[in-house]
Peer 1: 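Take this structure first; my questions come after.
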Amino acid sequence: MEIPKTYDPKEAEARHYARWEAQGFFAPEINRDTSAPVYSIVIPPPNVTGALHMGHALQHTIMDVLTRYHRMRGYRTLWLPGEDHAGISTQIQVERQLKREGLTRHDLGREKFVARVWQWKEQYGGEIIRQMRREGASVDWSRERFTMDEGLSRAVREFFVRCYEEGLIYHGEGLISWCPKDQTALSDLEVEKEAQAGKLYYLQYPVKGSARRVIVATTRPETMLGDTAVAVNPNDERYSDLIGATLELPLTGREIPVIADEFVDPEFGTGAVKVTPAHDPNDYQMGLRHKLPQVKVIDPYARMTEAAGAEFTGLDRYEAREKVIEKFEGLGLLEKVVDYEFSITKCGRCRTVIEPLLSTQWFLKQAELARAPLELIKEKHEPRFVPEVPYEKVYTNWLENLYDWTLSRQLWWGHRIPAWYDEEGRVYVTRTEEEARAAAGTDKLTQDPDVLDTWFSAALWPVSTLGWPDDTEDLRTFYPTSVLVTARDIIFLWVSRMMMTGMKFMGQKAFADVFITGTIFDKHGQRMSKMKGNGVDPLEMFDRYGVDATRIVLAQIESTDTRWNEKQIESYRNFANKIWNAARFCLLNSEGASVGRGFEGDRASWALHDRWIMSRLNRTAQTVSAAIENYRFHEAVQTLYHFFWDDFCDWYIELSKTDVTATEPSPARDAARSRVLTVLEQALRLLHPFMPFITEELWQRLPGISAAQLHPAYAHAEPTVMLAAYPQGEQSLIDARAEQEVQALIELISRVRNIRSEMNIKPGETVPVIVGAPDENLRAIFAAGVPQIARLARASEVLVQSGINGPRASAHAVLAGGAEVAVPLEGLIDFAVERERLRKEQEKLRREAEKLEAQLANQNFVERAPAEKVEELRQRLADIAQRTSALQQSLEALAE
RNA sequence: GCCCGCUUAGCUCAGUGGUAGAGCGCGCGCUUCACACGCGCGAAGUCGCAGGUUCGAGUCCUGCAGCGGGCACCA
């Protein structure tokens, strides 16, 4: 068989994915065990306009590891893919496209525009979802969903109507965040705050019937045109006599009162605050408290209205600002202007400065929906957040401090609000237009032009994708889902809302666990962003290092924020290559061998290193399974890496080599060959969730592979490692004594290698080795291992005795259990160098012994520490004493 | 202002009260018949600082410093 020396991932990746998909391996129906437990995940639907970035690759890897692991464990497993219609960004994309044709959406009209968006979506959208095939994501494509699908749209209408009927959704006027560019309302979660260097303007307002002036400070002087009061703190003595007084609002001819409100901080600015109820959230609240008039001086395009006065009408808000300042200066009413840094609110999409506007919108009373999830997290700590700190608290805090959610968006792309108005303006909120007509008793209805916030449909994702509001088989089977894997910035926006809808409509939490991934920064610790251009493209990593290497590095990131380190992928590409070559060795020596054989018979009859590798393998399987189930992917990967490289490659293959590479066919040779193949096959299964492609590629090549290797639930399927049973780690095969004994062998070989290296023995040169082991059992182990010791330590001969009485010209090393080893080096050894080497060793032991002795001399320790801990220390001290005395003897033998 | 996280080898990071770890990098030596994307050997850490709890602290508690994040406010 021709097997290249280097693993080339590309070809294998596409081939295996296509086969898995075509064979239906990803669908839960592949599992024929009707009593199997269920494991389900819904993907956080990526934005239909987006492209795959490292954050997605990270989340997808973790979801795929969990999915593949549980599938191999025999769960009825579903990972449901899909995407989000992303209202604003999609609409912006298409409007941009139209602009290049010299058109606006208004030229097309609503219907044609929406058709155009669908066309755009088919042509360019869903890039991330397509790229998931490249990642190896084992999602069930037959259940792929899109938030604008008919089914999901129906779920949205149902949600809306029910909430409306229960009074949770209302239509009314409120002060909302408005984007003057995108011409739509935004929820507080769609805006971003940004520090900005600006100015604080101090304006004087004359007191009516007095020469006195009240000074107010503002960052937005243009809003003074809409002031309807000035507020002071009721306890502020400076102004107490002015409460109830009337001010002459400059430039407007309007008279406004001075009011008292606890909200005002006397320490800040002048202690007097201008109040603009129509254009500031705090002022809006204050306006309601004091029943102040609301004067709208800024329009949806951020231009001044007629109410701002003839001189200002039509001016942009910033032009108006300058003009107001000029006028105040002219009137001698500008007290001063100081530099001032404050934060400014911008549209999360287009970065335009938000204008708080008084506007009629649809709102949802989230606080009521939050009650059930809040109770659940407080009483039962459900869902379980991983890591619990700090996310459980972040989630709880948010649920406790909710405000009404602005649902309506003045866009064309999205779920149209299911509200119709008759000619008198009466509203009918119904599931269909027919119902509205019936309710209104007329056909002359107009539907509300607005659409819903994209997150409204996202909030329903775990239920709507499974068929809600219908009572479907999928919903009954896969809800609640097992885990939600997502980034932390979406906890408020999405996670908590899914919990709200899940509790409301299903009476159950949407997911058992919530795993929050870390953030990947660039190598300088900067957040990756399109604007900075410092993003690392996962596809580029796939091309350069292979998907498997990229995935296993990502899985290890878990929930820790980390800097991207390309060297790390390189080392896992090397790991993939190591796997490839270990398999290559097994396959090149596989004649006469078969997977699953070689470990027949009583375990006691196996060779020591065979008992050892089975112990290591099963221990690894236990650790890895527990680690994956507890979302400790780093631990799982490290364990697998060291099992495969250190235990399997460095030692097991090497210890087996003499048997495996025997030139003459024999039952012993074939059994040894079967054993390495069997261990390899188990290792491939263990690695598969992390490295799906290379494991499948190699697994398919193993001799003796058949459906018999599959988990019983998949016995009917074509052979594939992804449906093999995940090794669980059999306790009876864990053999601490064999591990200890092989450890002794490893120590012996390592000490000889160390001597060779320090004495500058050429690698090609062999040396005799004398082993002294007073312990009979240990001596037997070394004696049985002579051929392996000879091979791995490059020894010309290995003498195993009860003690060492070798030539004076030897290099010595001490081993555990009172054993020692000598390498006779007549003519090669430099006595001074050897003495120095031994003294250093002795010194190290002495320091360790001192520490142990001090601890054991401490009465408190001996009395209070657990007995086994004390015993352990005594053992260690005894071992050190033995080694020290052996070293002493060696030193004496070297004495002049 | 309130809350939270991080600080461990040159770098990126693990670490579960009981002998400080990995990968990369570094030094020395190797075309040893699976693999130079490799093999062998080695050097390298007052675990941010100061207290405390404990027989015992990188790990638990308190304070401090530096870095980072979230929330609120910002007239």
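Letters A, B, ... are given to chains in the order of the sequence lines, protein chains preceding strands, and every chain is numbered from 1. Remember, it's a predicted structure, so these values are computed and weren't measured experimentally.
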Peer 1: Is there a Watson-Crick or G-U wobble partner for B/rG63 with both distances under 3.5 Å, and which nucleotide is it?
Peer 2: B/rC49
Peer 1: Students often get this wrong, so: under 4.0 angstrom with heavy atoms, is A/Q526 touching a base, only sugar-phosphate, or nothing?
Peer 2: nothing
Peer 1: Given the structure, check if the side chain of A/E635 and the base of B/rA22 hold any donor-acceptor pair shorter than 3.5 Å.
Peer 2: no
Peer 1: Does A/T519 reach a base, just sugar-phosphate, or nothing at all? Heavy atoms under 4.0 Å.
Peer 2: nothing
Peer 1: B/rG40, B/rA22, B/rG38: which one has an atom nearest the side-chain heavy atoms of A/H642?
Peer 2: B/rA22
Peer 1: Mind checking if A/N282 touches a base, just sugar-phosphate, or nothing, with heavy atoms under 4.0 Å?
Peer 2: sugar-phosphate
Peer 1: What does A/R563 touch in the nucleic acid at a heavy-atom separation under 4.0 angstrom: a base, only the sugar-phosphate, or nothing?
Peer 2: sugar-phosphate
Peer 1: Do the numbers put A/K199 on top of the ring of A/Y340, so that NZ or CZ is under 6.0 Å from the six-membered ring centre and no more than 45° off the axis?
Peer 2: no
Peer 1: Report the residue (A/I761 or A/N860) whose heavy-atom-nearest nucleotide on RNA chain B is the more 5′ of the two.
Peer 2: A/I761
Peer 1: In the strands shown, is B/rG38 matched to any nucleotide by a Watson-Crick or G-U wobble pair with both distances under 3.5 Å, and which?
Peer 2: B/rC30
Peer 1: How many Å lie between CZ on A/R584 and C1' on B/rC33, as a whole number?
Peer 2: 11 Å
Peer 1: Answer with base, sugar-phosphate or nothing: what part of the nucleic acid does A/R876 contact at a heavy-atom distance below 4.0 Å?
Peer 2: base
Peer 1: Where each residue is assigned the nucleotide of RNA chain B containing its nearest heavy atom, which of A/A583 and A/E872 is assigned the position nearer the 5′ end?
Peer 2: A/E872
Peer 1: Checking all strands, does A/Q859 fall into the base, sugar-phosphate, or nothing category for heavy-atom contacts under 4.0 angstrom?
Peer 2: nothing
Peer 1: Indicate, yes or no, whether a donor-acceptor pair under 3.5 Å links the base of B/rA34 to the side chain of A/K657.
Peer 2: yes
Peer 1: Quick one: closest heavy-atom pair of A/V275 and A/P277, and the distance?
Peer 2: O-CD, 3.4 Å
Peer 1: By the 4.0 Å heavy-atom rule, please label A/C649 as base, sugar-phosphate, or nothing.
Peer 2: base
Peer 1: What contact category does A/Q568 fall into here, base, sugar-phosphate, or nothing, at under 4.0 angstrom with non-hydrogen atoms?
Peer 2: nothing
Peer 1: Answer yes or no on whether A/K657 is positioned over the face of A/F585, meaning its NZ or CZ is under 6.0 Å from the six-membered ring centre and within 45° of the axis.
Peer 2: yes
Peer 1: Going by the salt bridge (charged side-chain N to carboxylate O under 4.0 Å, His left out) test, name the single residue among A/R544, A/R573, A/K523 that passes it with A/E566.
Peer 2: A/R544
Peer 1: Which part of the nucleic acid, if any, lies within reach of A/K5 when heavy atoms closer than 4.0 Å are counted: base, sugar-phosphate only, or nothing?
Peer 2: sugar-phosphate
Peer 1: P atom, B/rC74 versus B/rG15: distance in rounded Å?
Peer 2: 41 Å
Peer 1: At under 4.0 Å between heavy atoms, what does A/T661 touch on the DNA or RNA strands: base, sugar-phosphate, or nothing?
Peer 2: nothing
Peer 1: Is any side-chain heavy atom of A/R751 less than 4.5 Å from a side-chain heavy atom of A/N754?
Peer 2: yes
Peer 1: What does A/L200 touch in the nucleic acid at a heavy-atom separation under 4.0 angstrom: a base, only the sugar-phosphate, or nothing?
Peer 2: sugar-phosphate
Peer 1: Check this for me: does the side-chain of A/S571 come within 3.5 Å of the base of B/rC24 through a donor and an acceptor?
Peer 2: no
Peer 1: Which listed nucleotide (B/rU12, B/rA34, B/rG40) is nearest to the side chain of A/S757?
Peer 2: B/rG40
